[in-house]
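Some notes on the structure that comes next.
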Amino acid sequence: MTEQVIVNGIYSGVQYALIALGLTLIFALMNVLNFAHGQMYVLGAFVTYYVYGVLGLPFWLALVATALTLGIVGVLFEKFLFRPVLRRSSREESSMLLAAGTALLLESLILIVFGEKHRGVPSVVSGVIKIGDAYLPMGRLLVIVLSAILIGGFILFMQYTKPGRALRALAQDREAAQLQGVDVGTYSMIGFAMGAMLAGMAGAMLVAISGVNSGLGTWISIKAFIMVMIGGAGVVSGAIVGGLILGMIESIGYQMLPGGETYLFIFIGLIIFLAIRPHGLMGKPWG
Amino acid sequence: MMKTTTSKLAVLGIALVVVLVILPLIFSGKLYYMGVLTTAMALSIAAAGVWLTFYIGRINIGQGAFALIGGYACAILIMKAEMSFWIAMPLAGVFSAIIGVLIGYPILRLRGVYFAMITLSLTETARLSAQSLSSLTGGAKGIINIPLPGALEIFGFTLIPDFSTIDSHLAFYYLAAVLLIATYAAMYRLVNSRIGWLFRSLQQNEDLASSIGVNIAMLRVIAFAISSFLAGIGGAFFVAVQQSVYPNTFQVQDSVYFMLYCFLGGLGYVFGPIVGTFVLFLSFEGLQGLNEYQPLVYSVLMIALMLWLPNGLLSLGEGRRDKAARSAASAKDANVADSDAKAKG
């Protein structure tokens, strides 16, 4: 029983960490709260549904197609929407409403293009393994492994490559990074695209487990916000810790409270937590 | 000075005549349009609250939650406690305000994106609570068949007749109009009072305001309580018109729309939310057959607004020279804000 809860918690937690990572990256680079993050996740899931489920191409190809699509969406959003607005006004309200607008736009486009039906695809791998008393389907194990690889790859990229260093410099101090010769425009675009890709990859992996529908986005965004609030906005370690914590709490909650009360309690707990630590576990004060 | 006061009064007078006499005369037979106008008015009331939280420098995406709380409070008081609508509606507003104080006190310490994120989650939490507390709220089935407002009598004298005995659409229209006028008169008074100045000081620099002795924690909670009260009243009224309430009556999208109404009208203007709500809501109703594309049209509009008209519709009315001065000032503001951000980072 307990083992099953832990396994479920890790399974959701790793995925969640992947979602929160993208959100926090965009926030750290541009000080923009990407409301459309959940919708990007849903878009990623639908791309995989089409490439893998409908066209019948291999799963890895679907993942590549998802990453490309979301990368393009990220570049377009940054270049044509956020950059002009941020250039003119540094008020948080402006980028916030713009972000909310992009979320609504993406959601309605997804609804128009893909319809409101719940879609699933055949599972990628079959079989179940047993860990202690807990059962873990191979499909879920694949999600855990792929997510861990992506998160690890992301951290290595940020720490040890030149573009990764430029992105970190940008997150730390935009102006100083520019003075050191970092091409701020290009790297903002790369960062936004990477954030969007991470969201899309999480969605692509989920569609093979529990399917997707066009109304899922807002709920995913809210979960991502909760994770970022737990861990602290704009910090990579915070996003990972926040994701794992939420996954674990959710798994325990669903075990103990079969009704819909879990998130009610999570939310009340979150308010109390934020009253004590307004900037999360690892965040800097006021981002 | 005298002249501006007279012209302001004239505008006010014309607006009142249009709202109270001309619009009802034009649309009295057309139930659909009466309903649309009434809904727009109810939404403007809740939007005024969002505007006030913007005014103290917080981005409130939780108005849907408080409207839902008010709506449920009103419905439960009428159906379970068998109260009259005329008592239930103000109580619903007060109840929302109390919840607003309880939640607001801890979360108003948060700023910027943190406050926006938590209020957004609040909207979803309210919906989930309504769904799971089914003994009180009826769960996903909601509360239906709420009776129309009864007669309001004081000492045997009928102040307002029973809505079921008269044209209820017209009655709701007038009720909404009275509430709307009262709300915005109060808002106008509030913003132009001492407390309005204090609110503005919060928007500009909380730390500075605090250091010269302004009780910022108290003021923030007051503003948020007023905002929640207005959401509660708006929600209760909306539920009374619909005669039903469901967990989905107000959801995240509505919270975002409230924000959009404020922006469209212009955050710098008290009457911005009314203008924003009416322009958006009515122009939309004009485009018949586009209903299923409402979110698409709204979102494109939102993005276009941020790209080309960031100060809202009311900023169009200002003179050219005025506008130039304003943009110069805001450019300066932006620079200051930029260097602030740098100093913090």
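Order of the sequence lines fixes the chain letters, A, B, ..., with proteins taken first and strands second; residue numbering starts at 1 for each chain. Quick caveat: nothing in here was measured; it's all calculated off a predicted structure.
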- Query: Any idea which of B/G112, B/A116, B/S134 has the most non-hydrogen atom pairs under 4.5 angstrom with chain A?
  - Reply: B/G112
- Message: Heavy-atom cut-off 4.5 Å, strictly under: side chain, backbone, both or neither for B/V113 against chain A?
- Response: both
- Message: Are the side chains of B/L128 and A/L264 in contact, using a 4.5 Å heavy-atom criterion?
- Response: no
- Fit a plane to each ring of B/F258 and B/Y261, take the angle between them on a 0 to 90° scale, and name the class: parallel (under 30°), tilted (30 to 60°) or perpendicular (over 60°). perpendicular
- Contact origin within B/I118 toward chain A - heavy atom pairs under 4.5 Å: both
- Measure distances from A/F82 to the heavy atoms of chain B and classify the residue's part below 4.5 Å as side chain, backbone, both or neither. neither
- Counting heavy atoms not belonging to A/F273, are there more than 12 under 6.0 Å from its CZ? yes
- Message: Does B/E124 form a salt bridge (Lys or Arg N to Asp or Glu O under 4.0 Å) with A/K223? I'd like the steps, not just the answer.
- Response: CA-CA 10 Å; B/E124 193 61 20; A/K223 279 185 180 179; over 6 Å; no
- Query: Of all residues at least two apart in sequence or in a different chain, which pass the salt bridge (charged side-chain N to carboxylate O under 4.0 Å, His left out) check with A/R119?
  - Reply: none
- Message: Looking only at the aromatic ring of each residue, does the gap between the centers of B/F66 and B/F224 stay below 6.0 angstrom?
- Response: yes
- Which of B/S121, B/A126, B/S129, B/P106 touches chain A most, by non-hydrogen pairs under 4.5 Å: B/S121
- Message: For a quick test of reading the model, state the closest non-hydrogen atom pair linking A/F77 to A/A36 and the distance between them.
- Response: CE2-CB, 4.3 Å
- Passes side chain to side chain contact (heavy atoms under 4.5 Å, CB included), A/L33 versus A/V228? Steps please. CA-CA 11 Å; A/L33 183 62; A/V228 164; over 6 Å; no
- Message: Within residues 109-118 of chain A, which residues come under 4.5 Å of chain B, heavy atom to heavy atom?
- Response: A/L109, A/I112
- Count the heavy-atom pairs under 4.5 Å between each of B/M302, B/M259, B/M117 and chain A, then report the option with the highest count. B/M117
- Determine the option with the most heavy-atom pairs under 4.5 angstrom with chain A, choosing from B/V256, B/I103, B/L122. B/L122
- Message: Can you tell me which portion of B/I59 sits under 4.5 Å from chain A's heavy atoms? Options are side chain, backbone, both or neither.
- Response: side chain
- Query: chain B heavy atoms under 4.5 Å from A/T102: which part of the residue, side chain, backbone, both or neither?
  - Reply: both
- Item | Contact class of B/Q253 relative to chain A, heavy atoms under 4.5 angstrom | side chain
- Item | Interface moiety of B/F115 toward chain A, non-hydrogen atoms closer than 4.5 Å | neither
- Message: Could you tell me if the side chain of A/S188 sits less than 4.5 Å from the side chain of A/R174, heavy atoms only?
- Response: yes
